[in-house]
Amino acid sequence: MSRKISTLALCAAASALIAGTAHADTSKMKIAFSNNYAGNSWRQAMLKSYDLVTQQAVKDHVVAAADVFTTADKEVPTQAAQIQNLILQGYNAIVINASSPDALNGAIKQACDAGIVVVSFDGIVTEPCAYRVVVDFNDYGKQEIEHMAKFQPKGGNLLEIRGLAGTSIDDAIHAGIQDGVKAHPEFKIVSSVTGDWDQTTAQKAVATVLPSLPPIAGVVDQGGDGYGAAQAFIAAGKPLPTIMMGNRQDELQWWKEEKDKNGYTTWSGTIAPGISTLAFWVAQQVLDGNKNIPHDLRVPYLQVTQDTLDSMLPTIQKGGVANQEYSQADAIAAIKSNMK
């Protein structure tokens, strides 16, 4: 039996785990990835995971193509134009990490009307025709305050570092942090800066406001900015607050060094960059005729705690992010769990 026939047979057998599915041959179908930003370690890990998994799928003739398109800037009109070009190029599905939850809806609807499957993840869209691989970022923001309350039981002033402006992620995490502070009035957010999920940007932003701030008990953020925030406090000669982390290797390494040296305590969490591969497989499953896929597919975020830091850190590549890549079988299992 040829590798192609064997692979397709495995795909069909795996998909048949979900009853009522009518199968199609996706080996001649093309899936595009529209990405709006690649400027930090998380996004680089996301692209690396996507390339690793999807290029193997192309080699195995599961799909004909899995091309990646990253915009030259972070602007909504640029990504909207990109999506319109992908429609004209005849892709069967578009996986998208969106620059806005709603401003791209017109272009997304055009794709759906052209018979193209659209799956958004991380930066999700609100257009009803699109599928969404969803992490509860609002809860993520709340959990930062819940953990902060354990580490700083007396409360205090908080500095918030926000992410990429206009994205659904930034909005949801910020709203969760606000809800968490309402539930814990012993905390007060005294300043907010934009870090773009990037260590260097966050360090500069924090350094700019630090001289004018009262004593800070904690820093709440969105991932990719914890190490930069720590460096800003150290450079300013300020006492180190409790800084929430985002699973990046450099900040986890710094946390471990501080933990070993003086018992520093914090918490870390973020969405796995490899969620891009889950979005790919969801698109492939829709193209394969799976009618049981919910339009909102929920997955958990990855956490690193005081107890798991030492075991997790060695598994993360230097300069990388704690990660999980998804196979087709993983995607089918995620679909089944969301049907319960």
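When reading the values below, keep in mind they use all heavy atoms of this one structure, side chains included, and skip hydrogens, waters and symmetry mates. Start at 1 with the first residue, then count along the sequence.
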**Q.** side chain to side chain donor-acceptor pair (under 3.5 Å) contacts touching residues 227-244 (sequence neighbours left out)
**A.**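 Listed once each, the pairs are Gln152-Thr242.
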
Indicate yes or no for a side-chain donor-acceptor contact from [X] to the backbone of [Y] under 3.5 Å, with no hydrogens or angles considered.
X      : Y      : result
Gln249 : Val321 : no
Trp267 : Ile243 : no
Gln44  : Gly39  : no
Thr78  : Thr71  : no
Thr308 : Val304 : no
Thr26  : Leu287 : no
Ser120 : Tyr131 : yes
Asn338 : Arg298 : yes
Arg132 : Val125 : yes
Trp281 : Asp330 : no

When clusters are formed by joining ILVMFWY residues with side-chain heavy atoms under 4.5 Å apart, either directly or through shared neighbours, do [X] and [Y] land in the same one?
X      : Y     : value
Phe69  : Met46 : no
Ile275 : Val68 : yes
Val119 : Tyr91 : no

Testing the 3.5 Å rule here: is there a donor-acceptor pair between the side chains of [X] and [Y]?
X      : Y      : answer
Gln328 : Gln284 : yes
Asn262 : Glu258 : yes
Asn247 : Ser268 : yes
Gln222 : Trp197 : yes
Lys142 : Gln178 : no
Asp307 : Thr305 : no
Gln203 : Gln199 : no
Thr277 : Glu325 : no

Q) Are any non-hydrogen side-chain atoms of Phe233 and Leu210 less than 4.5 angstrom apart? A)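 Touching, per the 4.5 Å side-chain cut-off.
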
Taking every non-hydrogen atom, the tightest pair across [X] and [Y]:
X      : Y      : value
Ala279 : Val133 : CA-CG2, 4.0 Å
Val219 : Pro241 : CG2-CG, 3.8 Å
Ala229 : Ile161 : CB-CD1, 3.8 Å
Phe187 : Val181 : O-CG1, 3.5 Å
Arg43  : Ala38  : CB-CA, 3.7 Å
Tyr301 : Asp136 : CE2-O, 4.0 Å

Q | Within 6.0 angstrom of Lys109 NZ, more than 12 heavy atoms from elsewhere | A |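 No, NZ of Lys109 has 12 or fewer neighbouring heavy atoms, counting only those of other groups under 6.0 Å.
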
Using 0.5 Å steps for rounding, measure from the [atom1] atom of [X] to the [atom2] atom of [Y].
X      : Y      : atom1 : atom2 : value
Trp42  : Tyr37  : CH2   : OH    : 11.5 Å
Ser192 : Ile177 : OG    : CD1   : 8.5 Å
Asp225 : Thr200 : CG    : OG1   : 11.5 Å
Met245 : Gln303 : CE    : CD    : 15.5 Å
Asn323 : Leu302 : CG    : CG    : 7.5 Å
Ile169 : Thr167 : CD1   : OG1   : 4.5 Å

Q. How are the rings of Phe151 and His147 set relative to one another: parallel (under 30°), tilted (30 to 60°) or perpendicular (over 60°)?
A.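 Ring orientation, 0 to 90° scale: parallel.
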
Q) Is a salt bridge present between Glu251 and Arg248, judged by a nitrogen-to-oxygen distance below 4.0 Å? A)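 Salt bridge absent between Glu251 and Arg248.
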
Q: State plainly whether the residues Lys74 and Asp196 are in salt-bridge range, i.e. N to O under 4.0 Å.
A: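 A salt bridge is present here (some side-chain N lies under 4.0 Å from a carboxylate O).
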
**Q.** Pairing residues for Tyr264 by the ring pair (Phe, Tyr, Trp, His ring centres under 6.0 Å) criterion, not counting sequence neighbours
**A.**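 Listed in chain order: Trp254.
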
Q. Do Phe33 and Tyr50 make the cut of ring centroids closer than 6.0 angstrom?
A.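 Aromatic pair counts; centres sit under 6.0 Å.
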
Could you list the donor-acceptor pairs under 3.5 angstrom formed by side chains in residues 92-107, with sequence neighbours left out?
residue	atom	partner	partner atom	Å
Asn92	OD1	Lys30	N	2.7
Asn97	OD1	Gly123	N	2.9
Asn97	ND2	Asp122	OD2	2.9
Ser99	OG	Gln79	OE1	2.9
Ser100	OG	Asp102	N	3.3
Ser100	OG	Asp102	OD1	3.2
Ser100	OG	Ala103	N	3.0
Asn105	OD1	Glu127	N	3.1
Asn105	ND2	Thr126	OG1	2.8

